[in-house]
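These notes are about the structure you will find just below.
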Amino acid sequence: MNARQHYQAERKRRTGLLLGMLGATLLFAFLFLFAGRYPTAGFRFPTDWATNEMTRSIFLRIRLPRIVLALLAGAMLSASGFTFQMLFSNPLVEPGFLGVSQGSAFGAALMIVLGVGSTLLVQLSATFFGLLALLASYLIATRFRFGGWLLRLVLSGIAVSALFSSALGVVKLVAEPTKDLQDITFWMMGGLWNASWSQILSILWVVILSMGILLGYRWKLNLLSLQEKTSFSVGMNPKRDRIILLIVATVGTTVTISITGLIGWVGLITPHLGRKLFGSDSSTSLPGSMILGSFFLLVCDTIGRTVLATEIPIGLLTSFLGAIIFMIILSLKHQEGKA
Amino acid sequence: MNALTVNHLSFTYPSGTKALDDISLSVQEGQSVAILGSNGAGKSTLLDVLLGWQKSTEVSLYDKPLSSYGRKELGRTLALVPQFEQYNFSFSLLDYVLFGRSPYLSGLGTPSEEDAEIAYQALCDVGLESYAERHITTLSGGEHQLLLLARAIAQQSSMLLLDEPTSALDPANRKRVITILKQLHTKGKTLLFTTHDANLAYDLASHVAMVKKGRLLCYGSKEEVVTTAMLTTLYDTDLTVAQVGTKTLIY
């Protein structure tokens with residue numbers, strides 16, 4: 001087999017695997033529609049679909065939007081995590097890296113404490129402060145006089161993250177303990193229980209656009225993981241492309257977590273799994289990671305809403321399962337030299 | 001035809017350090033030119049300016065100002081072989097060499113089967129074709145240098161800029177790299193490489209530019225400029241150019 005045929009065959013194999021995973025995820029999403037605690041706990045196909053308004057409402061207005069949100073949020077968080085990892089050439093990076101998560105958390109908490117009832121304003125505030133954290137990290141990094149550009153960004157991200165963490169602590173201190181503090185705590189643990197079609201529609205175009213841009217850059221992300229001078233020498237404009245992709249990934253993340261709350265580990269763990277399955281070439285490992293992110297969040301949410309009578313916050317589950325998967329991946333044989 | 005023209009080039013870093021001072025030289029198409037000098041002489045800065053990585057208005061490529069080249073157009077004209085590349089993701093060798101095809105892809109396009117064939121041929125040119133599916137993090141230092149060279153070959157540019165191409169190599173790998181570079185030169189590629197090794201400069205280059213403290217000490221054919229007197233001035237130490245049989249040896 002010559003190089004052309006081999007490359008063609010490998011591409012076909014990867015595309016087949018991608019389509020297979022996508023099909024499996026959609027199949028599970030359909031099956032999980034029947035998982036829940038109504039009318040009784042477990043998998044139940046509704047026999048009174050045509051006659052019972054309550055049944056239809058639970059399936060179409062509660063479970064379905066929740067599943068759609070899990071798929072969307074999983075793909076978006078995974079795509080952002082993957083992008084951050086490539087841009088910083090570091091497989092241990094995720095969207096919270098430049099203070100984005102803490103900034104968003106502060107923005108959401110601030111609106112909750114100010115008694116703003118509008119979900120949209122909480123979303124906007126979370127997005128605004130997430131972006132502000134990114135901008136602050138970037139500007140502070142340009143003022144640092146220590147280390148290379150990536151190290152300076154890492155250090156300024158740590159500082160900005162700590163600043164927003166302490167500001168969040170102050171907000172929690174003054175929060176009304178019986179309602180606001182609980183809302184903030186639940187938001188920080190993440191959850192899809194509030195998912196509604198109107199919420200999904202409010203973020204849909206931003207999320208689709210962000211994912212579209214990141215997918216468009218899927219092969220060029222490889223080049224941006226190299227040293228800047230090298231990517232420049234092969235015809236890239238690394239500074240411009242890095243800024244574009246950082247903004248896109250951050251906006252996608254903050255808009256998503258503005259309605260799901262903080263959901264950690266998806267953006268860290270699924271890119272690792274994606275690279276294990278598809279190799280390091282981001283042209284297939286990025287879409288692969290996005291499908292895995294959707295699947296991971298779908299499974300976590302289904303467990304969270306079905307296993308106990310009370311809901312388990314999804315952020316707790318993603319952290320718990322994510323940490324276990326992470327340890328397993330890094331302990332597998334033949335890991336040397338594979339990122 | 002003039003492949004490269006540098007006209008009274010000076011360069012100062014934002015920190016205020018003056019790295020290059022009034023350098024002028026021209027390189028003809030198909031020449032192999034060594035930029036020779038000691039560590040910190042400004043060789044790598046000069047290479048960065050010629051690459052376009054550091055901005056300058058005093059450099060022309062094929063009689064067109066470097067600053068007027070588009071990014072992809074420049075990528076099709078010049079290819080860089082850095083001294084070292086750090087990887088944190090384990091691409092296959094073929095994936096990595098395919099990166100050299102970037103200047104030929106449209107917008108956000110991905111490489112075609114034809115690009116894969118060119119990349120594979122570049123791996124054949126450096127003798128790494130049997131490792132095409134291996135991960136780059138498993139390569140030895142010598143193979144690593146060959147891989148960087150393969151990526152630059154896949155770029156199919158008319159000029160190669162090489163930063164200390166053999167400085168970290170053992171004798172066997174050094175010989176392999178020199179042989180490949182000589183083959184590329186024979187095929188008509190214009191080579192421009194930095195080195196502090198006068199023997200390499202004499203062996204590989206047709207012309208030598210000696211750089212000391214950011215200034216051009218001399219520039220000309222190697223037979224003219226690589227002399228005991230010039231090398232002693234360049235390195236501030238006693239060096240001798242001797243003829244041993246058909247070989248010229250500098251020690």
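When reading the values below, keep in mind they use all heavy atoms of this one structure, side chains included, and skip hydrogens, waters and symmetry mates. Residue numbering restarts at 1 for every chain, and letters A, B, ... go by the order of the sequence lines.
There is no contact between B:Y104 and chain A, counting heavy-atom distances below 4.5 Å. Contacts of B:L161 with chain A are absent, with no heavy-atom separation under 4.5 Å from either backbone or side chain. For a residue to count as touching a neighbouring chain, one of its non-hydrogen atoms must lie under 4.5 Å from one of that chain's; by this rule B:E114 touches chain A with backbone and side chain alike. Proximity to chain A is limited to the backbone of B:S112, based on heavy atoms less than 4.5 angstrom apart. Only the side chain of B:D48 comes within contact range of chain A, with heavy atoms under 4.5 Å apart. Heavy-atom distances place the side chain of B:R151, and not its backbone, under 4.5 Å from chain A.
Between the side chain of B:S102 and the backbone N or O of A:V234 there is at least one donor-acceptor pair closer than 3.5 Å. Of the possible polar contacts, one joining the B:E85 side chain to the A:Q227 backbone as a donor-acceptor pair under 3.5 Å is found. Judged by distance alone, the side chain of B:R71 and the main-chain N or O of A:N237 form no donor-acceptor pair under 3.5 Å. Side-chain atoms of A:K220 come within 3.5 Å of backbone atoms of B:G107 as a donor-acceptor pair (strictly under, hydrogens ignored).
A distance of 7.0 Å separates CG of A:D281 from CZ of B:F91, quoted to the nearest 0.5 Å. Rounding to the nearest 0.5 angstrom, the gap separating the OG1 atom in A:T230 from the CZ atom in B:F84 is 10.5 Å. The line from CE of A:M236 to NZ of B:K72 is 8.5 Å long, rounded to the nearest 0.5 Å. Taken to the nearest 0.5 Å, the CH2 atom of B:W53 stands 4.5 Å off from the CD atom of A:E228. Between the CD atom in B:Q54 and the NZ atom in A:K229 there is a gap of 8.0 Å [rounded to 0.5 Å]. A distance of 9.5 Å separates CG of A:L223 from OH of B:Y96, quoted to the nearest 0.5 Å.
Under a cut-off of 6.0 angstrom, the local environment of OH in A:Y138 is sparse, with at most 12 non-hydrogen atoms contributed by other residues, nucleotides or ligands. More than 12 heavy atoms of other residues, nucleotides or ligands shown are found within 6.0 angstrom of CZ on A:R240.
A pairwise comparison of heavy atoms in A:S280 and B:S90 identifies OG-N, 3.2 Å as the closest pair. Shown here for B:L51 and A:F232, the closest heavy-atom pair between the two residues is O-CE2, 3.5 Å.
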Report task. Just do the side-chain contact (heavy atoms from CB on, under 4.5 Å) check on A:E10 and B:E133 with the steps written out, would you? Result -> CA-CA 11 Å; A:E10 182 60 20; B:E133 294 303 317; 5.6 Å; no
**Report entry** Candidate pair A:Y7 and B:L98, rule side-chain contact (heavy atoms from CB on, under 4.5 Å), full reasoning
**Finding:** CA-CA 11 Å; A:Y7 187 68; B:L98 269 170; 3.6 Å; yes
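Between B:T110 and A:R218, the closest side-chain pair of non-hydrogen atoms falls below 4.5 Å.
Cation-pi contact between A:R275 and B:F89: absent, since separation from the ring centre below 6.0 Å together with deviation from the ring axis within 45° is not met.
Interface summary for chain A: among B:G75, B:P82, B:A79, B:P103, the most heavy-atom pairs under 4.5 angstrom belong to B:P103.
Partner of A:W219 under the side chain to side chain contact (heavy atoms under 4.5 Å, CB included) criterion, out of B:D95, B:L108, B:L105: B:L105 alone.
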